[in-house]
Amino acid sequence: MPAAIQDRPTVQGGKTPLVVRLLVLATFVVILNETLMINAIPRLMESMHVTEQAAQWVSTAFMLTMAAVIPVTGWFLQRVTTRQGYAIAMGVFLAGTAISAAAPSFTILLLGRIVQAAGTAVMMPLLMTTLMTVVPEQDRGRVMGNVTLAISVAPALGPAISGVILQLGSWRLLFVAVLPIAGAVTYFGLRHLDNIGEPQVSTLDWASAAMATLGFGGLVYGLSLFGEGESNLGPSIGIVVAGAATIAFFVLRQLKLQRTGAPLMDLRTLTHRTFALALALMCIAFLAMMGSMILLPLYLQNLRGLTPLQTGLLLMPGGLAMGLLGPTVGRLYDRLGSRLLVLPGSIGIVLSLAGFTQVSMTMPYWQVLALHALLMVSLAATFTPIFTLGMGALPPNMYPHGSSILGTLQQVAAALGTALVVTVMSARASHLVAEGTTAALAQLSGMKLAFVIATVLAAATIVVAAMLPSRTTTSGDVMAH
């Protein structure tokens with residue numbers, strides 16, 4: 001039997017190919033873990049005797065590893081078959097989950113989270129690249145809708161699921177519960193997964209890999225330090241500048257390597273205007289989403305006194321609505337193109353964030369739920385067409401590079417969104433407390449300001465959405481000149 005079988009872009013009767021369904025299921029399981037630990041931080045501080053800043057690292061380290069590993073996935077996925085990529089990603093993820101579950105110390109728990117994230121980082125680009133290869137253009141919106149379900153519902157459900165599990169016992173249960181599910185998904189996937197496309201032998205430019213890891217990892221790390229108070233301001237600015245400078249060197253090296261045909265991350269993807277615009281819109285929308293995902297639990301738990309479980313349940317309808325709408329949005333995209341979805345979606349994002357600028361100590365919970373649901377539904381209307389349109393604008397040989405650029409910038413945008421809202425909120429609250437305002441009112445005022453800034457940034461999505469074509473004509477033909 002050959003190591004890989006040739007591309008088979010056939011979808012019978014509008015059905016999602018089995019290979020894509022298996023990869024969506026696996027991606028759902030691994031992405032769920034990115035936000036699974038958010039509610040466990042108080043429990044972790046107690047059992048591991050660590051500070052809140054240290055405990056936050058179980059989420060920060062995950063994001064940091066994703067940002068550092070994803071740039072290498074474009075090269076990695078071209079070298080291996082679909083089955084090999086899947087086996088390695090899920091094997092690494094399972095190892096990380098087992099290490100985390102049994103961790104005798106906080107350092108070992110962090111190591112487990114880093115290993116988990118390394119496996120997760122491979123799954124997303126593997127899913128995107130496979131989907132673009134096996135699904136014909138006219139059906140991609142519908143199938144990408146199912147992918148959005150996995151990508152968006154998983155992080156939204158993470159805090160709610162962890163809230164339920166934490167009612168039953170230790171934080172270790174979060175990993176113990178994931179292990180058998182991930183094991184079953186891995187076993188079932190390897191039994192039924194076919195190889196798609198032929199692996200290509202290519203060399204890895206180690207200097208590029210080191211620059212990508214240090215640059216993107218440093219940028220995310222520096223941004224994550226911003227929320228830890230003014231004492232860290234100097235070092236965090238220094239790390240962000242160093243990370244950005246390393247990324248600049250990385251970009252120059254990729255441009256040089258493109259002439260020899262072996263870049264780690266092919267930046268020619270950015271010469272496709274539709275892909276570049278889609279990337280910009282996705283980053284701004286993701287920044288707004290992550291900012292609100294950080295602020296709302298803080299508001300509901302610290303200022304309104306809800307438990308982690310109650311917070312998770314209040315925010316769950318929005319997350320579910322986003323995921324369940326994914327397939328419908330995908331079908332509408334196939335029929336109508338992107339413009340009728342992305343423009344209203346962008347406007348909805350801005351309106352919901354503008355609504356959150358009015359949070360108060362007495363805002364009815366139904367209003368919080370309604371605004372959150374509007375935000376999630378608007379993001380669903382935006383993400384599916386954007387992913388499909390952006391990737392569809394690239395020629396097939398650039399799919400692995402396109403998906404690794406998308407994934408890397410998604411993590412950077414998530415870190416930037418988190419850093420931005422926490423820094424704005426903390427700075428404003430500290431200023432007001434120094435003037436004699438009570439701590440609760442100062443924090444509320446800080447949150448309002450953070451939402452104002454998120455709203456202003458989100459307004460840029462409307463401008464970008466208006467510039468996008470309604471659909472790509474033939475793959476790769478939309479070039480910037």
Side-chain angles (χ1 to χ4, degrees), residues 22-45 47-48 50 54-70 72-73 76 83-127 150-151 153-191 193 217 308 312 407 411 414:
L22 290 169
L23 290 174
V24 166
L25 183 63
T27 305
F28 182 86
V29 173
V30 297
I31 288 186
L32 183 70
N33 286 269
E34 193 164 2
T35 54
L36 202 61
M37 292 299 287
I38 286 175
N39 273 338
I41 284 167
R43 198 76 61 87
L44 209 55
M45 289 161 63
S47 74
M48 290 284 193
V50 290
Q56 288 285 357
W57 269 94
V58 291
S59 291
T60 307
F62 199 96
M63 210 156 62
L64 220 162
T65 308
M66 294 267 283
V69 174
I70 290 175
V72 188
T73 57
F76 173 73
R83 285 174 60 81
Q84 286 169 341
Y86 181 81
I88 291 167
M90 292 306 287
V92 169
F93 175 79
L94 280 166
T97 308
I99 292 167
S100 302
S105 68
F106 186 69
T107 311
I108 303 295
L109 172 62
L110 268 188
L111 175 70
R113 286 291 280 172
I114 288 166
V115 175
Q116 251 196 339
T120 305
V122 178
M123 281 309 300
M124 263 296 303
L126 177 64
L127 169 59
I151 298 168
V153 175
L157 287 185
I161 290 171
S162 64
V164 173
I165 294 173
L166 289 168
Q167 297 283 329
L168 306 173
S170 159
W171 56 266
R172 291 182 193 276
L173 280 177
L174 295 172
F175 298 107
V176 172
V178 167
L179 258 180
I181 299 166
V185 167
T186 306
Y187 171 76
F188 187 71
L190 286 174
R191 279 195 62 183
L193 209 60
Q411 294 307 313

Working to the nearest 0.5 Å, report the span between [atom1] of [X] and [atom2] of [Y].
X    : Y    : atom1 : atom2 : value
L173 : L168 : CG    : CG    : 6.5 Å
L126 : Y86  : CG    : OH    : 9.5 Å
N33  : F28  : CG    : CZ    : 10.5 Å
T186 : L22  : OG1   : CG    : 11.0 Å
I88  : R83  : CD1   : CZ    : 12.0 Å
S100 : R172 : OG    : CZ    : 10.0 Å

Which heavy atom in [X] sits nearest to a heavy atom in [Y], and how many Å separate them?
X    : Y    : answer
T73  : A121 : CG2-O, 3.6 Å
W171 : S47  : NE1-OG, 2.8 Å
A61  : L110 : CB-CD2, 3.8 Å
M48  : A103 : CE-O, 3.9 Å
L94  : G183 : CD2-N, 3.6 Å
V69  : A118 : CG1-O, 4.2 Å

Would you check if [X] and [Y] make a side-chain contact, meaning some heavy-atom pair closer than 4.5 Å?
X    : Y    : value
V122 : I70  : no
I99  : F175 : no
F62  : I114 : no
L111 : T107 : no
R113 : W57  : no

Those residues at least two apart in sequence (or on a different chain) that pass side chain to side chain contact (heavy atoms under 4.5 Å, CB included) with A98 are L179
| query | Who pairs with T27 by side chain to side chain contact (heavy atoms under 4.5 Å, CB included), at least two apart in sequence or on another chain? | reply |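 Once residues adjacent in sequence are excluded, the partners of T27 under the side chain to side chain contact (heavy atoms under 4.5 Å, CB included) criterion are I31, M123, M124, L127.
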* List the steps and the verdict of side chain to side chain contact (heavy atoms under 4.5 Å, CB included) for F93 and V115. => CA-CA 6 Å; F93 175 79; V115 175; over 6 Å; no
Name all residues meeting the ring pair (Phe, Tyr, Trp, His ring centres under 6.0 Å) criterion together with Y187; count only those two or more places apart in sequence or in a different chain, and write none if there are none.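 Partners of Y187 by the ring pair (Phe, Tyr, Trp, His ring centres under 6.0 Å) criterion come out as none, since no residue qualifies.
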